[in-house]
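Everything on this sheet refers to the single structure shown next.
When reading the values below, keep in mind they use all heavy atoms of this one structure, side chains included, and skip hydrogens, waters and symmetry mates.
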Amino acid sequence: MKATQLASKRNIGIMAHIDAGKTTTTERILYYSGKEHRIGEVDEGTATMDWMEEERRRGITITAAATTTYWKGIEINIIDTPGHVDFTAEVERSLRVLDGGVVVFDAVNGVEAQSETVWRQADRYNVPRIAYINKMDRLGANFSEAVSSMEKRLGAVAVPINFPIGKESSFRGIVNIISMKANTYDQDPLGSIVKEINIPDECKTEAEVLREHLIETLAEEIDWMADKYLRENEITNDHLKKALREATIAGKICPVLAGSSLRNKGVQNLLDAICEYLPSPLDTKPVQGKHPKTQAVEERSSDTAGPLSALAFKLAAEKFGDLIFARIYSGSLKTGDQVNNATKDKKERIGGLWRMHADARAKIDSAAAGDIVAISGMRFTTTGDTLCARAKPIVLESMEFPQTVISMAIEPKTFADKDKLAEALARLAKEDPTFTQKTDQETGQTIISGMGELHLDVLKHRMLEDYGVDANVGKPRVAYRETIRAAVTAQAEHILQAGTRGQYALVKLRIEPHNCISGVEFQCEAGPDQVPREYVGAVEEGVRSAAESGWAAGYQMVNIKVTLAGGSFHEVDSSDIAFTAAAVKAFRQGIDKAGAKLLEPIMRLEVLVPETNVGDIISDLNARRAEIGEMGLRSGVCVVRATAPLSELFGYATTIRSLSQGRATYTMEPFDYTEVPAQMAKAIIG
């Protein structure tokens, strides 16, 4: 693939808070670019990108869907991501492989809770983005307030490059402050015909002010633009576009556009901005990774002729084999190629390559740097694995996913359903890295865990309907965690004499509190004369196994650093089994000495409530052990931000509707873990 072809690619994600109009915007992009012959509607269950039955039934996006379309000679690979916080992992893994993003905001509500979350995720992966203020036709729509909320809540340098003509029911067009022309869409109810007109008189002053603001902002960020500005040279439209592209790709500013996707206004301007200001694969920095054996830092640039490097970012478990979604960073792939899974050190064969359009697929013979494709026929590859040339191995940075915060028990109704349930759980766990399962050793029940009530409800329905499993499902319950109170050292010996050969191992551990919810961090300081290197893995396995079982109440232990400080072995009687057993014993003795404490997940809440009901909402939150953070007004509605324990928020949707006559809404997302109050901890442990 030539550089000119790479320059004509855009790999973008569409992301937003739930109900901001993200999927509706994607559907219009597909229609205006000619990918679809009709406009899909979320409310009618006809959206192309919401293809799962659960998505159409609920009217929300659950899983990220990929497609490819073309606009004015530019190939645009799009990933439409979920807006609900319970499915934030889909956004996380999509952003990991994208070059740019479009963040959709509601013109009435501006920046909302999940808007902040996806913005932080994009910051983490240095993804350049443009903003689209949607729903300008809604009652209470305010373009300037929405832009202001981006600056206040996100710290963004948000610069409008167009603005609406009118608002609410009078919204009728868009003013482009770069071309200093306006667009109207009245000649076609589907918005396909865009008419360019002179800027209406009532908009001329605002257009001049915003254009000057754009020029000044670009002069502050781009050196050559500052030189032109200070020398009072003529600044042409081409200068503005070049500087704007440069500043956007560098992440220095965020261009902002207006529109109403549902009313078919402004989406073509958004497509133009995607092509003009978001980066191609050639504009991105070389991707970095490590050599799997030497750990030396390696780089791969977007070059088809270079060695293959690709990241598997999503897995779809299908009846006849897994479908792996991968972003190719360098090199090329063909059907039948032998590649290396550097993460697992396994050889893989490319059974088939596919170009995806939601759940539909088209077979292709090859793919190259800059492409996002689906791959079939691989046996070992899962989410986060690196595929590379066998002669040039590299392991790219994977993704990190948040801890689960909620769980529930599930068991098959009949013995015949046992195998079907196991198969369904295994497939769902392969697809979703934030879904976990384990067996309760005391009850024998299967415990499934996820990111929220909606997440588990969706998974439950998929098991019952998609996989035909007949099962009893318990009520959702909080996924507590345990940790230690103090640093301790502990040692344990495992001795067993059986037959001609015994078992012997002695392990000395240093166990101390750690500073993040990340399970257990393990390291080895013992010399090979104390614990031979071939047994260190067995010690770690024993420690992690014991931590998984918990101590005080049987919940997974976190926030712990364990150091193998010493030990001893026997030339004949030592084994992996012996060192694992000694490690389990030493860890448990150490936890007993250190003292365990119970942690509960804390959620960040944002409640939108009419002013007349604020008092009732605040009183209810206080009764739920919430800490009220801040309060403010947004479009005449009071916004209450707070943090509260997840255990107190079950059924909150019903309560908030009752307290506000159905007028209040809320969103929540995982925030932190804190210690459970003593009396509650006793009850939980008991």
Pair Asp99-Asn11, side-chain donor/acceptor within less than 3.5 Å: yes
Going by salt bridge (charged side-chain N to carboxylate O under 4.0 Å, His left out), name the residues that satisfy it together with Arg96, two or more places apart in sequence or in a different chain. none
Look at Lys72 together with Asp272 and state whether they make a salt bridge at an N to O cut-off of under 4.0 Å. yes
Nearest 0.5 Å, what's the CG-OG1 distance between Asp80 and Thr67? 10.0 Å
Under a 3.5 Å threshold, yes or no: a donor from one side chain and an acceptor from the other, between Thr434 and Asp432? yes
Check: Asn269/Asn183 side-chain N/O donor and acceptor closer than 3.5 Å: yes
With His17 via ring-ring contact (aromatic ring centres under 6.0 Å, His included) - residues at least two apart: none
Quick one: pull up CD1 in Ile161 and CG in Leu210 and give me the separation to the nearest 0.5 Å. 11.5 Å
With distance as the sole test, does Arg211 use its side chain to make a donor-acceptor pair with the main-chain N or O of Ile178 at under 3.5 Å? yes
Partners passing salt bridge (charged side-chain N to carboxylate O under 4.0 Å, His left out) against Glu27 (at least two apart in sequence or in another chain): none
Kindly indicate whether a cation-pi arrangement holds for Arg231 with Tyr229, taking the cut-offs as under 6.0 Å to the six-membered ring centre and within 45° of the axis. no
Any salt bridge linking Asp186 with Lys195? Criterion: basic side-chain nitrogen under 4.0 Å from a carboxylate oxygen. no
Under 4.0 Å between a Lys/Arg side-chain N and an Asp/Glu carboxylate O for Arg10 and Glu75? no
Lys/Arg cation over aromatic Trp71: Lys35, 6.0 Å, 45° cone: no
Sequence neighbours excluded, the answer for salt bridge (charged side-chain N to carboxylate O under 4.0 Å, His left out) partners of Glu116 is Arg153
If we ignore angles and hydrogens, is there a donor and acceptor under 3.5 Å between the side chains of Thr248 and Arg129? no
With Tyr666, which residues qualify under ring-ring contact (aromatic ring centres under 6.0 Å, His included), at least two apart? Tyr652
Tell me, which pairs form a salt bridge (Lys or Arg N to Asp or Glu O under 4.0 Å) where one or both residues lie in residues 171-180, sequence neighbours left out? Arg172-Glu202
